[in-house]
*Asks:* 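Below is one structure. I have some questions about it.
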Protein chains: 2
Amino acid sequence: MSRTTMRDVAREAGVSIATVSRVVNGVDAVAESTRRRVLEAIRRLNYSPNLVAKSLVHRGTRNVALFVPDIMNPFFPAIARGVADAVASEGYTVVLCNTDDSTEPGPHFERLLRGNFVDGAILCGTAWDAAPLSELIPADLPVVVMDRRVPGLRADSVEIDNRLGGLMATRHLLDVGCRRILHLGGPVGVSTAEGRLAGYLEALCSGAADERDAAEADSDLITRGPFRAESGYSRTRAALESGLSFDGIFAANDLLALGALQALRQFGRRVPEDVAVIGFDDIYMAALALPPLSTVAQPTYRLGTIAGRMLMDRLDRSASPAQPPAHPQPEPKRVVLEPSLRIRESTRRERVQGSEEE
Amino acid sequence: MSRTTMRDVAREAGVSIATVSRVVNGVDAVAESTRRRVLEAIRRLNYSPNLVAKSLVHRGTRNVALFVPDIMNPFFPAIARGVADAVASEGYTVVLCNTDDSTEPGPHFERLLRGNFVDGAILCGTAWDAAPLSELIPADLPVVVMDRRVPGLRADSVEIDNRLGGLMATRHLLDVGCRRILHLGGPVGVSTAEGRLAGYLEALCSGAADERDAAEADSDLITRGPFRAESGYSRTRAALESGLSFDGIFAANDLLALGALQALRQFGRRVPEDVAVIGFDDIYMAALALPPLSTVAQPTYRLGTIAGRMLMDRLDRSASPAQPPAHPQPEPKRVVLEPSLRIRESTRRERVQGSEEE
DNA sequence: TTGTAAGCGTTATCAA
DNA sequence: TTGATAACGCTTACAA
């Protein structure tokens with residue numbers, strides 16, 4: 001009834017369990033004849049080693065945990081795939097957990113990380129504070145944070161330059177002639193949202209210094225809320241109904257922008273003629289939108305592979321016996337990638353002035 | 001340096017390791033005073049139990065494996081989420097593996113299923129044969145198959161009625177006046193693709209019996225190939241270039257349909273006026289396409305939750321000590337869901353005759 | 001109510 | 001080249 005074990009194989013082959021272990025792992029050197037006998041017994045019994053037992057001895061499952069807010073959100077599958085591919089090359093598999101934007105690590109986190117079920121973890125887009133995290137994460141378990149930052153957490157991180165992205169988006173809108181740009185911002189306190197807003201403000205301020213008629217940085221033009229399409233829809237609708245005037249929208253992500261597009265269409269505003277719209281992320285729906293949505297692209301798959309690699313590096317290091325004497329753990333690494341502008345129909349209109357940029 | 005164990009807690013609290021186990025698991029009854037001492041020691045030492053060791057004793061990790069072709073394919077995230085939610089309610093987590101349409105189970109499969117790293121598995125859209133699978137899958141490890149069927153494998157399964165879906169799609173096209181319907185089929189031998197094609201043929205044959213001018217079932221109108229957008233594009237383009245005449249397209253999935261839309265646009269064919277197009281799956285991009293794509297919707301999230309639940313049921317059963325005497329394992333269950341027609345712009349034109357169906 | 005000790009299925013050390 | 005045997009961290013009879 002139960003699965004066959006090494007003991008069974010040993011009995012079948014008439015050798016000790018230690019010898020079976022040796023041939024299974026290919027260590028030590030076994031006489032060719034016994035080796036053959038053992039292999040034969042393994043085949044006959046259809047044996048395969050129990051990795052849980054192995055993990056107990058080695059103190060390492062070859063699993064890593066990946067936490068994302070929601071795998072159904074089109075931003076995350078490519079990241080998940082990137083991580084999976086990166087770690088698969090070292091024989092690791094990924095345990096996927098949806099956090100649903102919970103404000104603190106849940107039971108899954110506890111179970112996996114503290115229960116030794118994974119050797120490392122990647123936190124993507126989580127909204128958890130550094131304090132509870134640092135307390136919960138075992139000292140010997142490497143973690144890499146991506147997308148959102150977790151200020152104060154001592155961990156490797158990968159992200160894009162969100163400020164720069166916000167700057168690029170807003171400058172582009174200014175370039176195509178927008179003067180009053182509505183910002184559909186992300187949640188307050190979330191690093192990605194804050195960065196994009198900072199870029200927006202920076203573009204507006206430096207823009208005003210130009211000779212061109214100053215674009216306005218009006219606090220009425222800034223709204224904050226969840227990164228969801230409905231929120232983009234309702235906030236744009238509210239702006240439209242309140243009679244607020246604006247000729248451009250910079251949405252902090254594509255979902256928000258898609259919602260905005262819908263509201264605009266409903267109110268008979270033409271895009272890009274009446275209002276130009278740009279989003280952030282470049283999820284594939286962006287290219288398919290009506291009209292196709294300009295956006296600031298993130299290299300999601302690559303972000304995933306980088307995070308995966310960083311984790312593998314830490315794992316290799318902690319596995320190697322030779323600890324450098326100075327720091328037991330090297331300083332956290334931080335990689336910041338540059339986003340890139342993807343211009344499509346939603347902002348394509350004749351330039352107001354100069355500034356060639358294709 | 002190493003993680004704190006029960007032994008440490010026992011020493012700290014001045015009790016035996018068995019007692020610590022008792023209070024951690026809340027069994028047996030411990031004197032309130034010692035219980036408090038143990039709890040206090042746990043807190044001081046920041047102890048949490050090692051689940052790998054626990055799994056070894058209990059012969060069960062609370063993990064299940066989910067195999068999908070590619071989590072980046074928009075059809076799968078909702079399934080993954082459905083599975084995750086269903087199993088999370090019983091304290092299970094999911095290990096995600098991308099199979100990339102490999103023709104046989106890879107090392108991950110071996111590792112996870114045979115290495116006792118998961119208690120069960122869900123195979124979604126895999127293209128593996130029953131023979132290697134049944135040999136590889138341990139007898140005591142429940143598996144549920146979804147999306148594609150694996151003929152000959154003794155396992156629970158969840159799927160939609162693909163033949164019915166093909167029938168509905170084709171009938172709808174006939175209803176809006178199409179007479180020569182190009183079928184962009186999926187790969188040969190894949191159950192979903194075969195089912196949809198069968199429905200297409202059935203609709204055409206029964207349609208011809210009507211008094212209405214017979215729709216043609218021309219073998220030139222049937223193409224087969226991978227479920228990918230590029231394939232839909234190139235096959236449609238080839239049909240267009242060869243001068244083949246058709247006034248409707250039934251694509252075996254949305255990705256194929258999206259590709260077809262692109263080719264049609266490039267050749268100046270109007271959709272739906274010149275050719276009506278319908279897809280299959282209802283991935284969210286479908287609604288955002290240009291024009292919005294009619295399609296046969298699959299309840300993906302629900303498919304996932306059902307598969308997850310089926311697996312949980314098997315797991316509960318195998319955990320319970322009371323084995324029914326007759327069959328050690330009850331017969332495989334099979335649930336087949338009905339797809340539903342989602343009509344959008346890509347087929348919206350005046351009906352040719354009767355057949356109200358909104 | 002508590003402790004001792006025998007597993008769970010491996011690996012690894014030490015003798016033989 | 002092989003075999004005992006003590007871990008790995010926990011659960012669970014069985015005794016006390």
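Reminder, nothing fancy here: chain letters follow the sequence lines and each chain counts from 1.
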*Asks:* Contact class for A:Asn25 vs. all strands (heavy atom < 4.0 Å): base, sugar-phosphate, or nothing?
*Replies:* sugar-phosphate
*Asks:* Tell me which of B:Val57 and B:Glu32 sits closer to the 5' end of DNA chain C, going by the nucleotide each one is nearest to.
*Replies:* B:Glu32
*Asks:* Between C:dG9, C:dT1, D:dA4, which one does the side chain of A:Ala18 approach most closely?
*Replies:* D:dA4
*Asks:* Test B:Thr61 against B:Asp119 for side chain to side chain donor-acceptor pair (under 3.5 Å), laying out the working first.
*Replies:* CA-CA 6 Å; B:Thr61 62; B:Asp119 300 346; 3.2 Å; yes
*Asks:* Quick one: label B:Ser55 by what it contacts on the DNA or RNA (base, sugar-phosphate, nothing), any heavy atom closer than 4.0 Å.
*Replies:* nothing
*Asks:* Does the distance from a Lys or Arg side-chain N to an Asp or Glu carboxylate O, for A:Glu12 and A:Arg37, drop under 4.0 Å?
*Replies:* no
*Asks:* Ignoring hydrogens and geometry beyond distance, is the side chain of A:Arg22 in donor-acceptor contact with the base of D:dG3 at under 3.5 Å?
*Replies:* yes
*Asks:* Pair B:Arg148, B:Glu159 - check salt bridge (charged side-chain N to carboxylate O under 4.0 Å, His left out), show working.
*Replies:* CA-CA 7 Å; B:Arg148 297 186 190 177; B:Glu159 69 203 297; over 6 Å; no
*Asks:* In this structure, how many angstroms lie between the C1' atom of D:dC10 and the OH atom of B:Tyr47, rounded?
*Replies:* 7 Å
*Asks:* For D:dT2, does either OP1 or OP2 sit under 4.0 Å from a side-chain N or O belonging to A:Thr19?
*Replies:* no
*Asks:* Please state whether the phosphate of D:dG9, meaning OP1 or OP2, lies under 4.0 angstrom from any side-chain nitrogen or oxygen of A:Arg59.
*Replies:* yes
*Asks:* What are the residues of residues 5-17 of chain B, sorted by number, that bring a heavy atom to within less than 4.0 Å of DNA chain D?
*Replies:* B:Thr5, B:Met6, B:Ile17
*Asks:* How about B:Trp128 and B:Thr99: does a side-chain donor come under 3.5 Å of a side-chain acceptor?
*Replies:* no
*Asks:* I would like to know whether A:Asp140 and A:Arg114 meet salt bridge (charged side-chain N to carboxylate O under 4.0 Å, His left out); could you show each step before the answer?
*Replies:* CA-CA 10 Å; A:Asp140 58 352; A:Arg114 299 183 59 90; over 6 Å; no
*Asks:* Strictly below 4.0 Å: does B:Asn116 bring a side-chain N or O up to OP1 or OP2 of C:dG9?
*Replies:* no
*Asks:* Which whole-number value in Å describes the distance from B:Asp28 CG to D:dT12 P?
*Replies:* 9 Å
*Asks:* Do any side-chain nitrogens or oxygens of B:Asn50 fall under 4.0 Å of OP1 or OP2 in D:dC8?
*Replies:* no
*Asks:* Salt bridge (charged side-chain N to carboxylate O under 4.0 Å, His left out) between A:Asp156 and A:Lys333: does it pass, once the steps are laid out?
*Replies:* CA-CA 5 Å; A:Asp156 292 340; A:Lys333 282 187 184 44; 5.8 Å; no
*Asks:* Which of the following nucleotides, D:dT2, C:dT10, C:dC8, is nearest to the side chain of B:Leu56?
*Replies:* C:dC8
*Asks:* Show your working on side-chain contact (heavy atoms from CB on, under 4.5 Å) between B:Val68 and B:Phe75 and close with a plain yes or no.
*Replies:* CA-CA 10 Å; B:Val68 296; B:Phe75 180 68; over 6 Å; no
*Asks:* Indicate whether OP1 or OP2 belonging to C:dA12 is found under 4.0 Å from a side-chain N or O atom of A:Ser21.
*Replies:* no
*Asks:* Examine C:dG9: is either OP1 or OP2 under 4.0 Å from a nitrogen or oxygen in the side chain of A:Lys54? Give yes or no.
*Replies:* no
